[in-house]
**Student:** 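Got a structure for you, written out below as structure tokens; questions coming shortly.
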2 protein chains.
Amino acid sequence: MSVRFPDEPGFQGRFAPVRMEGEIRGLEVTQGEVPDVLRGTYYRVGADPAWPPFVDHDFYFNADGIVSMFRFAGGYVDFRTRYVRTPRFVAEREARRSLFGAYRNPYSDDESVAGLSRGLANTNVYWHAGRLLASKEDSPPVQVDPDTLDTVGEWTWEGDLSSQTATAHPKIDPRDGSLVFFGYAAKGETTPDIAYYEADSSGRIVHEAWFTAPYSSMIHDWAVTEHFVIFPIIPLTSDLERLKAGGPYYVWDGSRDVYLGVVPRRGTNVRWFRGTNRFASHIMNAFDDGRHVYIDTPVGEKSAFPWFPDITGAPFDPEKSRGYLSRWTLDTRGDPDEGFSEARLTSCPGEFPRTDERWATSEYRFGVMNLTEVPGQPLDDGLPGFRWLASIDPETGQMRTRFAGRDSTVQEAVFVPPVPDAPHGHGYVLQLVDRHTTASTDLLVLDARRIDAEPVATLRIPIRMPGGLHGNWVSEDQLAQRIG
Amino acid sequence: MSVRFPDEPGFQGRFAPVRMEGEIRGLEVTQGEVPDVLRGTYYRVGADPAWPPFVDHDFYFNADGIVSMFRFAGGYVDFRTRYVRTPRFVAEREARRSLFGAYRNPYSDDESVAGLSRGLANTNVYWHAGRLLASKEDSPPVQVDPDTLDTVGEWTWEGDLSSQTATAHPKIDPRDGSLVFFGYAAKGETTPDIAYYEADSSGRIVHEAWFTAPYSSMIHDWAVTEHFVIFPIIPLTSDLERLKAGGPYYVWDGSRDVYLGVVPRRGTNVRWFRGTNRFASHIMNAFDDGRHVYIDTPVGEKSAFPWFPDITGAPFDPEKSRGYLSRWTLDTRGDPDEGFSEARLTSCPGEFPRTDERWATSEYRFGVMNLTEVPGQPLDDGLPGFRWLASIDPETGQMRTRFAGRDSTVQEAVFVPPVPDAPHGHGYVLQLVDRHTTASTDLLVLDARRIDAEPVATLRIPIRMPGGLHGNWVSEDQLAQRIG
């Protein structure tokens, strides 16, 4: 009954759970100075198992969400980190052990928790209409207090969320502050149902439409433009019978086509555009010219997730899992079977693309992403992981790259405008960098236009930060409009 | 105005401030099992600067006290760590910078904090009469909530503490639960005044007596036996004019004799026994036979504190600073000028001696201490620091030693009886071990009778623990009698 984590790579060494909640007042600035103009809070969520897993061979997608915040004011940065009190977290904390089983598999749970929400709030944390929401795509988001990180409770848009789930990658349309989002597996795990919503800037759901996907798959991210929303159906497929039999939630099916479901904004009809088999996950940005849609996303030959097996039994292929930032172009008035075209934007494999969110859904010239390799800069140590940050102009493909260090791993970067009307891509990029040799983490403040220069400031967090997923900057002005 | 710590060894690398407050529910047990019989809480205090120092060349004696707790119940251990909210800590947190100057030097402070308590509560945390008290010898202790570690406030024994200070090394007489304690510099910094107190088991001061030391010095620890209390005057001397001039609070004066001030328990008269120059700090235990007093303490030729200079200007001498556990024997009816005799108990240099506190003030057979060297086990890496734990029978000098590892540092160990009436020295030893290569800390649960065997359990704390001083075990039964 001791608290002991498995003797597996995912739970040991630099992947060992951290599990510490707490705060540091005034992070040490080890280099540079924190710009006074940065006033707001960078929130991010990590996945860190509070208790040893209930099942064998668990992975961090199935770990508890822990939200961290970095509050910038007057050149100081205060740090706080706290688990989201999901019903699942609360039940397991009370029992002092895991009770929930495999990733998104309710059939593998301890019977004592039957019917309880399986949500983990471990994928993204975003701000909309005065609320800070921690989310995972298999459940509704959980509202978190933006100052204390205490959990307020599940947020279902005042009960208007008819889907059982809500994406961890909603988009905010800068034109009117709408939250554009969806749920997949919307009628239950493995169902092909998709619910599309828009909530207005006050947080009220003003549009809802339901669709059925060509097949059940992971719809982790999606594309939103001024006039369209696009659901990418990528063949990480799910199946209820397999799930009930204790099989993996997803398998990679290299025989299936990819589909892009295109729906007019606030529309109710979908057209499915078919393309050949490939893998993509996160969207850097997307936009349209009224007829054509442009979607920028890293594209690989096969799934990037080694813990979801190939349906053929083929071993995981790191080479084919590399994603290269590419642009998909699609004629919304064209023949769905002619599909969409693809053009590679970079020769560097990477993921975690982000943009200047003020240009989200619009034609844009600035993005950042993390790279695993940069041609011409070989490391030859055979280690996987993201060790470079890149800024990129997606129109020209021009990049700047920043090497984090041989024994470092970069986490998702975010762009922060110094003032609301700063020019596109002018501002700062914030990025957490894991420092493996010192078991600590640096938060870099970079000049967005010169990410390859000396950081504007480096802040030291004296602990490892649990493996992180996504985060967002919330300005002081936004925070002043908090609700609850 | 950035938060940046000095580029000095005491603030960098494994000595870099941690500054993190927080908690971990259910520490990971990486080896063994936590005995069910361990029910209670191990409290310890570290010194960790909340802000970069106000003065140059600061050292950790002048850093903020941060109390950590390890609560044992049912084979689980919950961890929590929190700064003591001294008036000084609160003022500096509000200002987001240090305002208090050099170690125990009010003349070096920012004028905005004139008159505010300079206490840091960074030396010991102990339990008496239902209260948990964090203490430093230059001020009264601060009461801390035993569950939350929130600060209750300064504790002056309901105003009965007439001294300006109270030792961080009070003793509890197991016969009746009395707290036997004193203050030195009792009428203000560098004064030679000593106030001796006893508080009964309800926490009420029932005895007070005042004495004047032969000269002003650090009286960090002292000896208490059934019939006597003994004040060791060791020539780390203080001087008000030097302090006002910005000089060090203490200097080592190798020309001065050592004195032991012997006072009958609850008596009012002192006899000063004179001995030759030497250094000692912590007392493992002391006892008497009605006439003779026996005091066990590590004794060195010179001060062990490199940050207090030699009065002659001689550089710090690591060789001469080594302390060897020794027994001082003193005939309370003898000639004070004949002084006391000394016999070395071990050939291993060390410090942080502790005993089975149920035998405190009585003849005893069990102690533990940390060693820097063990003859015959040379490491030849030239690194300083405590890397061995030893258990010792002070009557025979027999020792067992445990090597913590080349890249490890052991912190003060404590003995815990599994049940109140367990035989002397039968039980567990708890010890924090800093693991430098992983920037983490292990809490070892050792069999007190076989500290050289495989630990009973090893718990992993995934952060560095700030440089620690003293701590104590508080049983579940004691905690049930908490006040406030």
**Student:** Taking atom CZ of A:Arg19 and atom CZ of B:Phe79, what is their separation to the nearest 0.5 Å?
**Tutor:** 12.0 Å
**Student:** In plain terms, say whether B:Arg82 and A:Glu21 are close enough for a salt bridge, that is, a side-chain N and a carboxylate O under 4.0 Å apart.
**Tutor:** no
**Student:** Out of A:Arg80, A:Arg14, A:Gln31, return the one with the most heavy atom pairs under 4.5 angstrom to chain B.
**Tutor:**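 Option with the top pair count is A:Gln31.
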**Student:** Please name the pair of heavy atoms, one in B:Pro17 and one in A:Pro462, separated by the smallest distance, quoted to 0.1 Å.
**Tutor:** O-CB, 4.4 Å
**Student:** At a heavy-atom separation under 4.5 Å, does A:Asp36 approach chain B through its side chain, its backbone, both, or neither?
**Tutor:**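 It is neither, since no heavy atom gets under 4.5 Å.
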**Student:** Could you report the tightest heavy-atom contact between B:Ile24 and A:Val18, atom names first, then the distance?
**Tutor:** CD1-O, 4.0 Å
**Student:** Heavy-atom distance under 4.5 Å to chain B: side chain of A:Tyr83, backbone, both or neither?
**Tutor:**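 Contact with chain B involves no heavy atom of A:Tyr83 at all.
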**Student:** What residues form a side-chain hydrogen bond (donor to acceptor under 3.5 Å, both in side chains) with B:Glu476, not counting sequence neighbours?
**Tutor:** B:Arg39
**Student:** Begin from the C-alpha positions of A:Arg96 and B:Asp78 and carry the test side chain to side chain contact (heavy atoms under 4.5 Å, CB included) through to its verdict.
**Tutor:** CA-CA 11 Å; A:Arg96 287 184 169 277; B:Asp78 292 337; 2.3 Å; yes
**Student:** Could you tell me which residues in residues 439-448 of chain B have at least one non-hydrogen atom under 4.5 Å from a non-hydrogen atom of chain A, sorted by residue number?
**Tutor:** B:Ala439
**Student:** Taking B:Thr438, B:Asp7, B:Leu459, B:Leu27 one by one, which has the highest count of heavy-atom pairs under 4.5 Å against chain A?
**Tutor:** B:Leu27
**Student:** Between B:Met20, B:Arg460, B:Glu33, B:Arg464, which residue shows the highest count of heavy-atom pairs closer than 4.5 Å to chain A?
**Tutor:**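 Sorted descending by pairs with chain A, the first entry is B:Met20.
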**Student:** Non-hydrogen atoms of chain B under 4.5 Å away: do they reach the side chain of A:Ser2, the backbone, both or neither?
**Tutor:** both
**Student:** State the CZ-CZ distance between A:Phe89 and B:Arg25, to the nearest 0.5 angstrom.
**Tutor:** 8.0 Å
**Student:** Select one option (side chain, backbone, both, neither) describing which atoms of B:Ala16 are under 4.5 Å from chain A's heavy atoms.
**Tutor:**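 For B:Ala16, side-chain heavy atoms alone lie under 4.5 Å from chain A.
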